[in-house]
Every structure is written in structure tokens, then in C-alpha cells.
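Letters A, B, ... mirror the listed sequences (proteins, then strands); counts begin at 1. Please read these numbers as outputs of a predicted model, since none were measured by experiment.
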There are 2 protein chains.
Amino acid sequence: MGNRESEDLSRFADMLSAMGTEPRLRIMRLLLSAHPEGMVAGEIGAALEIAGSTLSHHLERLRNEGLVTVRREGTFLWYSANAVALQDLLRFLYAECCTRSRACEPRKILA
Amino acid sequence: MGNRESEDLSRFADMLSAMGTEPRLRIMRLLLSAHPEGMVAGEIGAALEIAGSTLSHHLERLRNEGLVTVRREGTFLWYSANAVALQDLLRFLYAECCTRSRACEPRKILA
DNA sequence: AAGATATTTCGATTAAGATAGAAATACCGA
DNA sequence: TCGGTATTTCTATCTTAATCGAAATATCTT
């Protein structure tokens, strides 16, 4: 059964959905700019003005889809972007748009 | 007011969300593989086994976010992937992951 | 104009997601 | 052990999204 591709597609859809909200896309961008150390949850919430409980749910969602990782350091939880997951997603999108199809020109993306 | 970046971010979040569902990601992939002619709505529905009314809503959503374009040819509606919109999105993601931050290595994406 | 086909819109149902205050849990330092 | 800070979980509300059958619209053909 060639359902490996189907699983991949479903996973990528979930990742896209997880980033498909302004607060969570902001979170990802912030974590990328703080890569690889990441940021403490409270710092993220302060920077983006997101209530604690709301932020916690967003971070849980991103973690569920493998887009962020978390490590505890005492009382603090450090969240980091997961570069490998983002690489997988970008490789998929790049392949679909620029390789499998020739819809997009690489030079217009890498510029 | 530096809200241009904020508008962009919101737009990219909407595009990600639009592709963040398995049926719609499949639709995009199918349209990319048929680029640039695109496909007739009924063909898409037959290939992906999606009910007509459901498909119509998915296509409307993709069109609203600028990810597909449509042209009428008699009774038929031809849907195509919008390469420019996809380029914008990929450029944004690539910049965030590989340029602004160095979280991802280009060679692992372009491979 | 009438019948046939393609596609959308309507109407309805069901499920999922976003938000946040309040309470609970985890950990540290004294 | 106790108080303090960080973070999550609980509970609740409100909105949005996914789905699809049936009816409506659009276009072609004859």
C-alpha cells in the first residue's frame, strides 16, 4: 500500500494548519529569530501580548505538529523552533512548486 | 505605521491555513502537476473523490486566499494554481528559515 | 425553447478551534 | 516547609470550518 505519501501529505497539512494562524505564525517567527536557544514561554507571551493560557494552547499545538521543541530549565520552559521539521516542510513545498512542477522559479524564491 | 509587515504576515497565515487541510493540499498538488493549464472542477473532484458542493467550497477558499485562479470556458471552470502567490509564500518561508535566521540549511531544502 | 451537463449556492448538521479567567501544578529559594 | 513565580490545565463561550444532499444557476447543443 503506497500510503506513505498519504501520511506525509496529512502531516504536512497539519503543519501548515498549525502555522496558519497569525498568532502562531508570529510565534514561529519569533522562535526562529531566537534560534537555536529559543525563548521562555513568558517572554514569548510578553513580546506578542498573548494571554498565558492562550499561549500555552498555541505552543501545545505547535509542539503536537513537531514544529517546536521544549526543554525545562528549572521553573522555565524554553521553546525552540524545530529546524528539521521546517526543513521537511520547506523541502516538500519547494519540490511541489519548483521540481515536480515547474510552476515557480527558484531564483524568485531564493532572492 | 509599520503595519505592512503585519498585513503580509496575516496574509501568509491565511494562505498557510488554506493549504492546511488534506483535501485542499491535495487539490493544490494536483493543480501544480497540471500547471499552467489547470483542471476542470469536475476532473478535480473525480480524481480526489470529493463531493461537488464540498469541492466548490474548498476551491472558493483557495481562490479567496489567492492560491488558485479560475477561468470559464463554456460550461467548464478551469482552476489553476497561482504561481505568483506560491512564490511569495515560499520566499517568505525561505527567508524566515534560511536568511533572517539560519535555522535551516538551503542545501537540505533544495536537494 | 428544451434538455443535458457543469458548477455553485442553499440549508443544515456536526465538529473543531480560538480565547481567556480561574484554579491547579511545578519548581526554586530562603 | 512556605511563599513566590512560571506554566499548564480546567471550564466555559463564541466563532469558524468541514461536509454533503438538494435546489438553483449557467452554458451548450439541438
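- Surrounding CD of A:Glu37 are more than 12 heavy atoms belonging to other residues, nucleotides or ligands, all under 6.0 Å away.
- When the P atom of D:dT27 is taken as reference, atom CZ of B:Arg72 falls 5 Å away, rounded to whole Å.
- Here B:Thr21 reaches the OP1 or OP2 of D:dA18: one of its side-chain N or O atoms lies under 4.0 Å away.
- At the heavy-atom level, B:Gly42 lies under 4.0 Å from the strands shown only through sugar-phosphate atoms.
- If you find the closest nucleotide of DNA chain C to B:Glu60 and to A:Arg24, the one lying nearer the 5' end belongs to B:Glu60.
- OP1 or OP2 of D:dT19 lies within a sub-4.0 Å distance of a side-chain N or O belonging to B:His58.
- Counting to the nearest Å, the C1' atom of D:dA18 and the CG atom of B:Leu59 are 14 Å from each other.
- Nearer the 5' end of DNA chain C, as judged by each residue's closest nucleotide, is the contact made by B:Leu55, out of A:Ser17 and B:Leu55.
- Nucleic acid contact for A:His57: base, since at least one base atom lies under 4.0 Å from a heavy atom of the residue.
- At its two ends the helix from C:dA1-D:dT30 to C:dA30-D:dT1 runs along axes set 30° apart, each axis drawn from five pairs and the angle rounded to 10°.
- OP1 or OP2 of D:dA6 has not a single side-chain nitrogen or oxygen of A:Tyr79 nearer than 4.0 Å.
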Check against salt bridge (charged side-chain N to carboxylate O under 4.0 Å, His left out), A:Glu73 and A:Arg71: CA-CA 7 Å; A:Glu73 208 154 288; A:Arg71 69 181 188 280; 3.8 Å; yes
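- Of all nucleotides in DNA chain C, those with any atom nearer than 4.0 Å to a heavy atom of chain B start and finish, going 5' to 3', at C:dT5 to C:dC10.
- Taking atom CH2 on B:Trp78 and atom C1' on D:dA26, their separation rounds to 18 Å, with Å as the unit.
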